[in-house]
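One structure is given here, and the rest of the page talks about it.
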Amino acid sequence: MPPAKSSFPSITISPRGVSRLKGGHVWVYRSDIVSTDPAPPGSLVTVCDPRGKALGTALYSSSSQIAVRMISHDPVADFPALLRRRIAEAISYREQVVHDTNAYRLIFSEADFLPGLIIDRYNDILSVQILTQAMDAAPVRDTVISALSQRLNPASIVERVEPRVRQLEELPPRRSGLLQGEKTSTIFTMNGVQFHFDALEGQKTGAFLDQRENYAAAAQYAYGEALDVFCYQGGFALHLAPQCSQVTAVDSSRPALEIADRNAALNRSLIERGLKKNEIEWIEANAFDLLKDYAAAGNQYDTVVLDPPAFAKTKHDLHSAVRGYKEINLRALKMLRPGGTLVTCSCSYHVSQADFLEMLGTAALDAHRTLRLIGVRGQAKDHPILLNVPETAYLKCVIAIVMH
Ligand code: SAH
């Protein structure tokens, strides 16, 4: 077998790039590339240190600032075989850690050593996102799709396209659509709660699967009158309803609320276990305005959930993001009755867990409330975290009780 170094273009990286990889990371930034053989977009490359020693095999992007994403520490003789093996490993990891659901993330990019590939399963439909040049190549797509069909036999496979991602990767435009089969909608179940799924609608790939374990944890501590802010299609609200006497849920997106209402209808018997009026109240509003108005009106709740969109899209937004989180948390804390439960989330990678807890601490001081932390949680285990790749950990979900 020829050594990988001679079969793929070589890329020599700087000592800073080397130390990043030695530290367990899998990315090399363009600014850490010292020299490179001509490498076609999306090609496999051999990554070398300044002395020419091979450090492993990577996927190359000609446009992204993350020019190199490691795929193996070793030479790769048969890339399709490596892809199939990684997919098999990802599936067997989920068999180990995923319970009580037929919807979960099957492949999470770098965290499954398949950089640029995200695959979510919603019952019998698979939803694929391709984020890099290498994963977009036709032979790679074919291998991925055939491996998925063979192992999981889904009714259909749908591709979700983010036009901006393709632009950044300088990939030709493409539309979301079916890659295999014809089915585009289904119903999935998590923690005994049912949800409609339409593969070609909705945000993300359809649902916020990363919150699955947090829904169940929140439900354990939810009671009384509950407010779910940024509710989307009702993930938290539907989980809280069996434990609560009243649930009000707020989002600015009408399409999301329409599906939330259809989801409530699917779970009628579950909801009726808790709610007095047997209905979740869905409110279309700007959450910032609504929280301000409700707090000013003296509304009180026993449970409040805050699950906003990412306020910090880049590290430059950190300051204003923290201010945004503090504002909504402060208002929520003012409205919670003593003994009440706060479930507060952030999906901004750039706001660390420490930043988030510090923000919550100052919000509690300003609101004159004492908080007891019940859980400092993250994303569900089907969104694995690599310890030395901090970017793989992004979700924070804090559950706290207002002592007084
Ligand atoms: N809690 C949800 C996910 C929330 S995602 C779940 O578990 O499924 C964030 C949501 O915030 C989206 O549904 C988006 O429509 C909504 N949103 C964004 N900005 C908003 C605003 N200013 N006011 C109210 N909702 C907003």
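Just so you know, ligand 1 is whichever comes first in the structure, and atom 1 is the first atom listed for that ligand. The first residue in the sequence is number 1, and the count goes up from there.
With a 4.5 Å cut-off on side-chain heavy atoms, Asp251 and Glu284 do not count as touching.
Annotation for ligand 1: atoms under 4.0 Å from non-hydrogen atoms of Tyr232 are 2 (C), 3 (C), 4 (C), 8 (O), 13 (O). Residue Ser253 approaches ligand 1 through these ligand atoms, each under 4.0 Å from one of its heavy atoms: 15 (O). In summary, the atoms of ligand 1 found under 4.0 Å from a heavy atom of Ala285, numbered by their order in the structure, are 23 (N), 24 (C). Ligand-side atoms of ligand 1 in range of Tyr215: 6 (C), 7 (O), 8 (O), range being under 4.0 angstrom from any heavy atom.
There is no side-chain donor-acceptor pair under 3.5 Å between Glu225 and Thr303. Tyr60 and Thr36 are not linked by any side-chain donor-acceptor pair at a separation below 3.5 angstrom, with hydrogens and angles left out of the test.
Of the polar atoms of Phe236, none of the N or O atoms is found under 3.5 Å from an N or O of ligand 1, judged by distance alone. Below 3.5 Å of separation, one finds an N or O of Phe230 facing an N or O of ligand 1. Between Asp307 and ligand 1, at least one pair of N/O atoms sits closer than 3.5 Å. Considering both main-chain and side-chain atoms, Gln211 never comes within under 3.5 Å of ligand 1 through any nitrogen or oxygen pair.
The proximity of Ala256 to ligand 1, defined as any non-hydrogen pair under 4.0 Å, does not occur for either the backbone or the side chain. Under 4.0 angstrom from ligand 1, the non-hydrogen atoms of Cys231 all belong to its backbone.
Within a 6.0 Å sphere centred on NZ of Lys381, heavy atoms belonging to other residues, nucleotides or ligands number 12 at most.
Not one N or O on the side chain of Arg86 forms a donor-acceptor pair closer than 3.5 Å with the backbone of Ala81.
Tyr394 and Tyr349 have their aromatic ring centers separated by at least 6.0 angstrom.
Contact analysis leaves Cys345 out of contact with ligand 1, as no non-hydrogen atom separation drops below 4.0 angstrom.
Under the side chain to side chain donor-acceptor pair (under 3.5 Å) rule, Ser61 has a single partner from Arg30, Glu170, Glu169, which is Glu169.
Atom OH of Tyr215 is separated from atom OG1 of Thr101 by 10.5 Å, given to the nearest 0.5 angstrom.
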